[in-house]
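These numbers were taken from a predicted model, which means no experiment stands behind them. Protein chains get the first letters and strands the later ones, always in sequence-line order, with residue 1 at the start of each.
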Protein chains: 2
Amino acid sequence: MLFTVDPSRSEAVYAQVMHEIRQRIARGLLNAGDRLPTVRDLAQTLVVNPNTVGKAYQLLESEGVISTRRGVGTFVADVSPKLSLSARRERVNELLDRLLTEAYHMGFNQDSLMDTIEKRMKSFQTSGSRRRGQ
Amino acid sequence: MLFTVDPSRSEAVYAQVMHEIRQRIARGLLNAGDRLPTVRDLAQTLVVNPNTVGKAYQLLESEGVISTRRGVGTFVADVSPKLSLSARRERVNELLDRLLTEAYHMGFNQDSLMDTIEKRMKSFQTSGSRRRGQ
DNA sequence: TATTTGTCCTAGATGAACTAGTACAATATA
DNA sequence: TATATTGTACTAGTTCATCTAGGACAAATA
């Protein structure tokens, strides 16, 4: 499990760690029950302070994405959104609006964007890791 | 033309202004040649410093989204992406990965996300403001 | 009991964001 | 030409998030 962060990016290091973990779960590279590196190990790998990794883990736990057990370790949680349905929809819609806006300015029309989305969706998740629910 | 920002959000004020303008252009609410408020006017409306609005305008100009003329005002530019095609694709793909990740954690499967995207696309742009290019 | 692991705390450094105030440069207009 | 408008530039200072360093504690395991 190879992790990296880019300190030259404007995004905070702890946020990069969060996004990386969220994405690996979404892609099926990490599954419920899988163990994550210890805060100290990951901090050494990334050459950052253990507190920074701890912050990422704590926030992810508050979102219900992972679960930590003191003295034991940190593990990928079962998927069970903590937010209300409307709040979840709003979050997706906000990101979606961002995407539509950015795509427009990057010269994509709706058809070419749709193509891009369909292709990316297919390759995004590893086979056999799709969700059923809505 | 009503602008607002939410200072309680974590996103910087100047970045909120940028996103708002970008989105209005993408939706067809602002068109090439349209005039934006002066930095002083918009600053007063938003109850922020004129420098903050100026920063947003400068960054948008460096992206080629708007064009400023000292002593005259600030105007929506013609759409002509400054980045290379591969850079533009990368930017869209990064945002797209974010969306796919977030949607997963918000309990959307690929089908329900696709529905959401299609619906939002249709209502996003005002009629008669679609792009032709790719 | 000793080790591992997440958590907490204090203290300090750095940089981004923002405000305030002033001044200047370019353009348009009376 | 003079005046007003508008974007830009500059300095100085405040606030806040991020990150580091170092140490200590709490819970679980071996």
Value in whole Å for how far the P atom of dT4(C) lies from CG of Asp41(A):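 Taking CG of Asp41(A) and P of dT4(C), I get 11 Å after rounding.
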Taking atom C1' of dC8(C) as reference, at what distance in whole Å does atom CG of Leu59(A) sit? 15 Å
Please tell me if Thr68(A) has a side-chain N or O lying less than 4.0 Å from either OP1 or OP2 of dT7(C).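 For dT7(C), OP1/OP2 do have a side-chain N/O of Thr68(A) under 4.0 Å.
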In Å, rounded to the nearest 0.5 Å, how long is the span from CG of Leu113(B) to OH of Tyr104(B)?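 It is 13.5 Å, given to the nearest 0.5 Å.
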Would you mind classifying the nucleic acid contact of Thr74(A) as base, sugar-phosphate or nothing, using non-hydrogen atoms under 4.0 angstrom? sugar-phosphate
I'd like to compare against my own output: the B/S/- annotation of nucleotides 16-25 of chain D with a strict under-4.0 Å heavy-atom distance to protein. --SSBBB-B-
Quiz question: by atom type and distance under 3.5 Å, do the side chains of Asn109(B) and Ser112(B) form a donor-acceptor pair?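 Distance-only check passes for Asn109(B) and Ser112(B).
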Quiz: residues 33-42 of chain B side-chain donor-acceptor pairs under 3.5 angstrom, not counting sequence neighbours:
| residue | atom | partner | partner atom | Å |
| --- | --- | --- | --- | --- |
| Asp34(B) | OD2 | Asn31(B) | N | 2.8 |
| Arg35(B) | NH2 | Val72(B) | O | 2.9 |
| Thr38(B) | OG1 | Asp41(B) | N | 3.0 |

Any side-chain heavy atom of Phe75(A) sitting closer than 4.5 Å to one from Ile66(A)?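 When only atoms from C-beta onward are counted, Ile66(A) and Phe75(A) do not touch, as no gap falls below 4.5 Å.
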Nearest-Å distance for atom pair CE/C1', residues Met18(B) and dA16(C):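 Spelled out: CE on Met18(B) to C1' on dA16(C) is 15 Å.
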What is the separation between atom CG on Leu36(A) and atom C1' on dT5(C), rounded to the nearest whole Å?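 My rounded result for the distance is 13 Å.
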List the steps, then state whether salt bridge (Lys or Arg N to Asp or Glu O under 4.0 Å) holds for Glu20(B) with Arg24(B). CA-CA 6 Å; Glu20(B) 182 68 25; Arg24(B) 288 189 190 203; 2.8 Å; yes
Taking CZ from Phe75(A) and C1' from dT4(C), how many angstroms apart are they, rounded to a whole number?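 Going from Phe75(A) (CZ) to dT4(C) (C1'), I get 12 Å.
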Find the distance Arg35(B):CZ to dA28(C):C1' and express it as a whole number of Å.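 It works out to 11 Å between those atoms.
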Rounded to whole Å, how long is the line connecting atom CD of Gln44(B) with atom P of dG7(D)?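 Spelled out: CD on Gln44(B) to P on dG7(D) is 14 Å.
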Leu42(A) atom CG is separated from dT7(C) atom P, nearest whole Å, by 14 Å
Is it true that the NZ or CZ of Arg89(B) lies under 6.0 Å from the centre of Phe108(A)'s six-membered ring and within 45 degrees of the ring axis? no
